[in-house]
A.B. asks: 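Handing you this structure, nothing more for now.
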Amino acid sequence: MVNTKKIPCVVFGASGYAGVELAKMIVSHPIFTLEALFVSEHSSDANKLLSDLYPKYKGLLDFPLVPGGKTNLEALTSSLSSVDKGLVFLATPHEFSHDIAYSLSAKNITVLDLSGGFRLQDPELYPQYYGFSHKYADKLNTIPYGLPEWNAHNLKDQALISLPGCYPTASQMAIKPLVKHNLLTENCVPVINAISGVSGAGRKAALGTSFCELSLKPYNLFVHRHAPEICQEVGRKVIFTPHVANFERGILATIVMQVKDGVTLEQITTAFESQYADKPFIRLRSEPPHINDVAYTPFCDLYWQLDGTDLIVISAIDNVLKGASSQAIQCANIICDLHEGLGLLPSAQTQGAV
Ligand SMILES: NC(=O)C1=CN([C@@H]2O[C@H](COP(=O)(O)OP(=O)(O)OC[C@H]3O[C@@H](n4cnc5c(N)ncnc54)[C@H](OP(=O)(O)O)[C@@H]3O)[C@@H](O)[C@H]2O)C=CC1
Ligand SMILES: CC(=O)N[C@@H](CCC(=O)OP(=O)(O)O)C(=O)O
């Protein structure tokens, strides 16, 4: 039966890059409705309209940005608690998500956290990679990881979903099929060099992401928080070097791996095709993707080339969409028994529930 009951949603961190994309997708979604948008308690944008910050959305996102914090959470989400199932999207800093996500999720609400507050299963890694100690250490390995092409079956009936990071999304889509099909050498340490547009750093002004200062720079060598996340999810060590460059949107990851002796291009192609055959957001390409092929889209484009036992896989996504907000909507659709592409792909509008 097609589910046509409206599902109310609220967004925390609504004024940021991930938040505004969520708001845009929710207002045009056939089932989700936008109940409220929140910013931090003392936000300089409190009580402005979202469309004041983003004038191109005047007439579309004329919703007030309500100041809210840990002290008035009950009041903020009371409209959701009274319905069957409401959705809360947290597009907020890691530590804020960490502080509120678990208590929100205890109510009749599903929380989709776009931050890294719950991504790592090992609590010992939080002080080193996120700068805080985890208060919910014993819960970390129970919280599903929202990479829907791989974990859709784990997302239903869950109170809290932890969305992957942007670089980990691009990287895992490229590495996981090869691991699953046992094509990599035992000692292969995937080397991931990835370049992100500046929107990955969020909306707040900073010298390091200012147009006049930034060209193309590597950063956080060996210490980026996405290295342990990728490692956790692909089950092997990786060497990850992020770069940021002076374009707005997108990530292009070039990943070098060694396959076992005798592995053929056909086997690699079969690994990708069989995994992603029915996955509408993965596009297997016959030429290397460019950033502009995926920027402002919910897709992940993949391309690979083999030379002897050396394999290069290229993976490209929009960091804010497939790397964050459209992936969150994809998960929300799955949680609500809707087609995963609803509100994201025209072909999904006619398919309704699954
Ligand atoms: N940008 C990207 O490419 C990706 C982002 N993410 C994750 O999504 C989340 C949002 O990222 P992004 O949109 O880029 O970030 P932005 O910096 O653009 O936005 C952050 C939002 O959170 C609000 N905020 C800041 N501090 C607090 C606080 N203490 N309490 C409540 N709200 C607060 C901000 O509003 P105000 O300060 O006015 O209150 C703003 O609305 C982060 O966790 C990020 O790691 C994940 C993958 C990719
Ligand atoms: C270019 C840039 O700065 N990118 C961000 C990652 C993007 C992101 O938001 O990922 P999280 O959800 O893990 O924070 C960074 O390297 O910190």
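When a ligand or atom number is given, it counts from 1 through the structure's own listing order.
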A.B. asks: Take every heavy atom of Ser196, measure it against each atom of ligand 2, and state whether any distance is under 4.0 Å.
C.D. replies: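 Heavy atoms of Ser196 do come under 4.0 Å of ligand 2.
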
A.B. asks: List ligand 2 atoms under 4.0 Å from Ala201, heavy atoms only on the residue side.
C.D. replies: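 Close to Ala201: 1 (C), 2 (C), 3 (O).
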
A.B. asks: For atom 15 (O) of ligand 1, what's the nearest protein heavy-atom neighbour? Residue, atom name and distance, please.
C.D. replies: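 For this ligand atom, the closest protein heavy atom is Gly202 CA, 3.9 Å.
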
A.B. asks: How about CD on Glu124, more than 12 heavy atoms from neighbouring residues, nucleotides or ligands closer than 6.0 Å, or not?
C.D. replies: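 12 or below, so no.
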
A.B. asks: For atom 22 (O) of ligand 1, what's the nearest protein heavy-atom neighbour? Residue, atom name and distance, please.
C.D. replies: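 The closest heavy atom on the protein side is Gly13 CA, 3.5 Å.
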
A.B. asks: Give the ring-plane orientation class for Tyr167 versus His226, where under 30° counts as parallel, over 60° as perpendicular and anything between as tilted.
C.D. replies: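 Tyr167 vs His226 ring planes: perpendicular.
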
A.B. asks: Counting from 1, what ligand 1 atoms have a heavy atom of Cys166 closer than 4.0 Å?
C.D. replies: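 In order of number, 47 (C), 48 (C).
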
A.B. asks: His224 heavy atoms, cut-off 4.0 Å: which ligand 2 atoms fall inside?
C.D. replies: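 This gives 15 (C), 16 (O), 17 (O) as the contact atoms.
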
A.B. asks: Kindly indicate, with the supporting measurements, whether the criterion side chain to side chain donor-acceptor pair (under 3.5 Å) is fulfilled by Ser51 and Asp62.
C.D. replies: CA-CA 5 Å; Ser51 57; Asp62 301 330; 2.5 Å; yes

A.B. asks: Any idea which protein heavy atom is nearest atom 30 (N) of ligand 1, and the distance to it?
C.D. replies: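 That would be Phe96 CD1, 3.3 Å.
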
A.B. asks: To check your reading of the model: name the closest protein heavy atom to atom 4 (C) of ligand 1, its residue, and the distance in Å.
C.D. replies: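 Looking only at protein heavy atoms, the one closest to atom 4 (C) of ligand 1 is Ala324 CB, 4.1 Å.
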
A.B. asks: Between Lys135 and Glu95, is there a side-chain N and carboxylate O pair less than 4.0 Å apart?
C.D. replies: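 No.
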
A.B. asks: Given that the side chain starts at C-beta and the backbone is N, CA, C, O, which of these parts of Ser199 lies under 4.0 Å from ligand 1, counting heavy atoms, or is it both or neither?
C.D. replies: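 It is the backbone that gets close, since no side chain atom is under 4.0 Å.
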
A.B. asks: Cation-pi check for Tyr54 against Arg203: NZ or CZ below 6.0 Å from the six-membered ring centre and within 45 degrees of the axis, yes or no?
C.D. replies: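 Because its charged atom sits under 6.0 Å from the ring centre and within 45° of the axis, Arg203 does stack over Tyr54.
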
A.B. asks: Could you list the atoms of ligand 1 found under 4.0 angstrom from a heavy atom of Gly323?
C.D. replies: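 Reading through ligand 1 atom by atom, the close ones are 47 (C), 48 (C).
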
A.B. asks: Give the atoms of ligand 1, by number and element, whose distance to some non-hydrogen atom of Ala14 is under 4.0 Å.
C.D. replies: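 Once the distances to Ala14 are compared, the set is 41 (O).
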
A.B. asks: Does ligand 2 have an atom that lies less than 4.0 angstrom from a heavy atom of Cys166?
C.D. replies: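 In this structure, Cys166 qualifies as a contact of ligand 2 - some heavy atom is under 4.0 Å.
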
A.B. asks: Which residue holds the protein heavy atom closest to atom 28 (C) of ligand 1, what is that atom called, and what is the gap in Å?
C.D. replies: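 Nearest neighbour among protein heavy atoms for atom 28 (C) of ligand 1, to 0.1 Å: Ser40 CB, 3.6 Å.
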
A.B. asks: Which residue supplies the protein heavy atom nearest to atom 35 (O) of ligand 1, what is that atom called, and how far is it?
C.D. replies: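 It is Ser15 OG, 3.2 Å.
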
A.B. asks: How long is the gap from OG1 on Thr142 to CG on Leu140, to the nearest 0.5 Å?
C.D. replies: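 The CG atom of Leu140 is 7.5 Å from OG1 of Thr142, to the nearest 0.5 Å.
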
A.B. asks: I'd like to know whether Arg236 forms a salt bridge (Lys or Arg N to Asp or Glu O under 4.0 Å) with Glu186, so could you lay out the CA-CA distance, the side-chain angles of the two residues, the decisive distance to 0.1 Å, and finally the verdict.
C.D. replies: CA-CA 9 Å; Arg236 58 173 67 211; Glu186 203 178 317; over 6 Å; no

A.B. asks: Should one rank Arg225, His226, Arg203, Lys204 by closest heavy-atom distance to atom 18 (O) of ligand 1, which comes out on top?
C.D. replies: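 Closest candidate by heavy-atom distance is Arg203.
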
A.B. asks: Give me the nearest non-hydrogen protein atom to atom 13 (O) of ligand 2 as residue plus atom name, then the distance to 0.1 Å.
C.D. replies: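 I find the closest protein heavy atom is His226 NE2, 2.5 Å.
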
A.B. asks: Mind telling me whether Phe132 and Tyr126 have parallel, tilted or perpendicular rings, with 30° and 60° as the class edges?
C.D. replies: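 Correct class here is tilted.
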
A.B. asks: Tell me, with the steps shown, if Asp113 and Ser115 meet side chain to side chain donor-acceptor pair (under 3.5 Å).
C.D. replies: CA-CA 6 Å; Asp113 180 21; Ser115 87; 3.0 Å; yes

A.B. asks: Any chance the side chains of Tyr296 and Glu248 put a donor and an acceptor closer than 3.5 Å?
C.D. replies: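 Indeed, the side chains of Tyr296 and Glu248 share at least one donor-acceptor pair under 3.5 Å.
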
A.B. asks: Check each atom of ligand 1 against the heavy atoms of Val39 and keep those under 4.0 Å away; list them by number with element.
C.D. replies: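 Selected atoms, number and element: 39 (O).
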
A.B. asks: When the ring planes of Tyr136 and Phe118 are compared, do they come out parallel, tilted or perpendicular, using 30° and 60° as the limits?
C.D. replies: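 Ring orientation, 0 to 90° scale: tilted.
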
A.B. asks: Does the cation-pi check pass for Arg283 over Phe299, that is, NZ or CZ under 6.0 Å from the six-membered ring centre and within 45° of its axis?
C.D. replies: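 Judged by the rule (NZ or CZ under 6.0 Å from the ring centre, within 45° of its axis), Arg283 counts as positioned above Phe299.
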
A.B. asks: Are any of the N/O atoms in Tyr130 less than 3.5 Å from those in ligand 2?
C.D. replies: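 It does not: no N or O of Tyr130 is found under 3.5 Å from an N or O of ligand 2.
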
A.B. asks: List every atom of ligand 1 that sits less than 4.0 Å from any heavy atom of Tyr17, numbering the atoms from 1 in the order shown and giving each element.
C.D. replies: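 Contacts of ligand 1 toward Tyr17, numbered from 1: 13 (O), 18 (O).
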
A.B. asks: Counting heavy atoms only, which of Asp45, Leu65, Leu114 is nearest atom 46 (C) of ligand 1?
C.D. replies: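 Answer by nearest heavy atom: Leu114.
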
A.B. asks: Only counting residues at least two apart or in another chain, list the ones meeting side-chain contact (heavy atoms from CB on, under 4.5 Å) with Leu216.
C.D. replies: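 Checked Leu216 against side-chain contact (heavy atoms from CB on, under 4.5 Å); matches are Ile195, His243, Ala245.
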
A.B. asks: Closer than 4.0 angstrom: is that true for some heavy atom of Arg225 and an atom of ligand 2?
C.D. replies: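 For ligand 2, residue contact (heavy atoms, under 4.0 Å) with Arg225 is present.
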
A.B. asks: Under a 4.5 Å side-chain heavy-atom rule over Ile, Leu, Val, Met, Phe, Trp and Tyr, are Val238 and Val179 clustered together?
C.D. replies: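 Yes: a chain of side-chain contacts under 4.5 Å links Val238 to Val179.
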
A.B. asks: Going by the order shown, which atoms of ligand 1 are within less than 4.0 Å of some heavy atom of His94?
C.D. replies: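 In order of numbering, the contacting atoms are 45 (O).
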
A.B. asks: Begin with the C-alpha distance, continue with both residues' side-chain angles, and end with the deciding distance and a verdict on side chain to side chain donor-acceptor pair (under 3.5 Å) for Gln330 and Glu149.
C.D. replies: CA-CA 10 Å; Gln330 205 183 331; Glu149 282 73 13; 2.9 Å; yes

A.B. asks: Which atoms form the tightest heavy-atom contact between Thr169 and Pro164, and what is the distance?
C.D. replies: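 So the minimum-distance heavy-atom pair works out to OG1-CB, 3.5 Å.
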
A.B. asks: Looking only at protein heavy atoms, which one is nearest to atom 42 (C) of ligand 1, and how far off is it?
C.D. replies: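 The closest heavy atom on the protein side is Thr92 O, 3.3 Å.
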
A.B. asks: Any idea which atoms of ligand 1 are less than 4.0 Å away from a heavy-atom of Ala18?
C.D. replies: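 This gives 13 (O) as the contact atoms.
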
A.B. asks: Return yes when atom NZ of Lys48 has more than 12 non-hydrogen atoms of other residues, nucleotides or ligands closer than 6.0 Å, and no otherwise.
C.D. replies: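 Check passes, neighbour count above 12.
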
A.B. asks: Against heavy atoms of Ser115, which atoms of ligand 1 measure under 4.0 Å?
C.D. replies: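 Once the distances to Ser115 are compared, the set is 43 (O).
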
A.B. asks: Quick one: nearest non-hydrogen protein atom to atom 26 (N) of ligand 1, plus distance?
C.D. replies: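 Of every protein heavy atom, Pro93 CG, 3.4 Å lies nearest to atom 26 (N) of ligand 1.
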
A.B. asks: Geometry only, no angles: is Gly16 polar-contacting ligand 1 at N/O separations under 3.5 Å?
C.D. replies: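 Indeed, backbone or side chain, Gly16 has an N or O that close.
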
A.B. asks: Assign the ring pair Phe32 / His29 to parallel, tilted or perpendicular, where the plane angle (0 to 90°) is split at 30° and 60°.
C.D. replies: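 Taking His29 first and then Phe32, their aromatic rings lie parallel (interplane angle under 30°).
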
A.B. asks: For ligand 2, which atoms have a heavy atom of His94 less than 4.0 angstrom away?
C.D. replies: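 Answer, ordered by atom number: 11 (P), 13 (O), 14 (O).
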
A.B. asks: Report the relative orientation of the aromatic rings in Phe12 and Phe38; use parallel for angles under 30°, tilted for 30 to 60°, perpendicular for over 60°.
C.D. replies: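 If you compare the ring of Phe12 with that of Phe38, the planes turn out tilted.
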
A.B. asks: Looking only at distances, please establish whether an N/O atom of ligand 2 is found under 3.5 Å from an N/O atom of Gly200.
C.D. replies: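 N/O-N/O distance under 3.5 Å: yes.
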
A.B. asks: How far is atom 12 (O) of ligand 2 from its nearest protein heavy atom, and which residue and atom name does that atom have?
C.D. replies: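 Result for atom 12 (O) of ligand 2: Arg119 NH2, 2.7 Å.
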
A.B. asks: Residue-level breakdown please: for His243 versus ligand 2, do any non-hydrogen atoms fall below 4.0 Å on the side chain, on the backbone, on both, or on neither?
C.D. replies: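 The answer is neither; His243 stays 4.0 Å or more away.
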
A.B. asks: Atom 44 (C) of ligand 1: protein heavy atom closer than 4.0 Å?
C.D. replies: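 Not a single protein heavy atom is under 4.0 Å away.
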
A.B. asks: Among protein heavy atoms, which lies nearest atom 2 (C) of ligand 2, and at what distance?
C.D. replies: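 Of the protein heavy atoms, Tyr219 OH, 3.2 Å lies nearest.
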
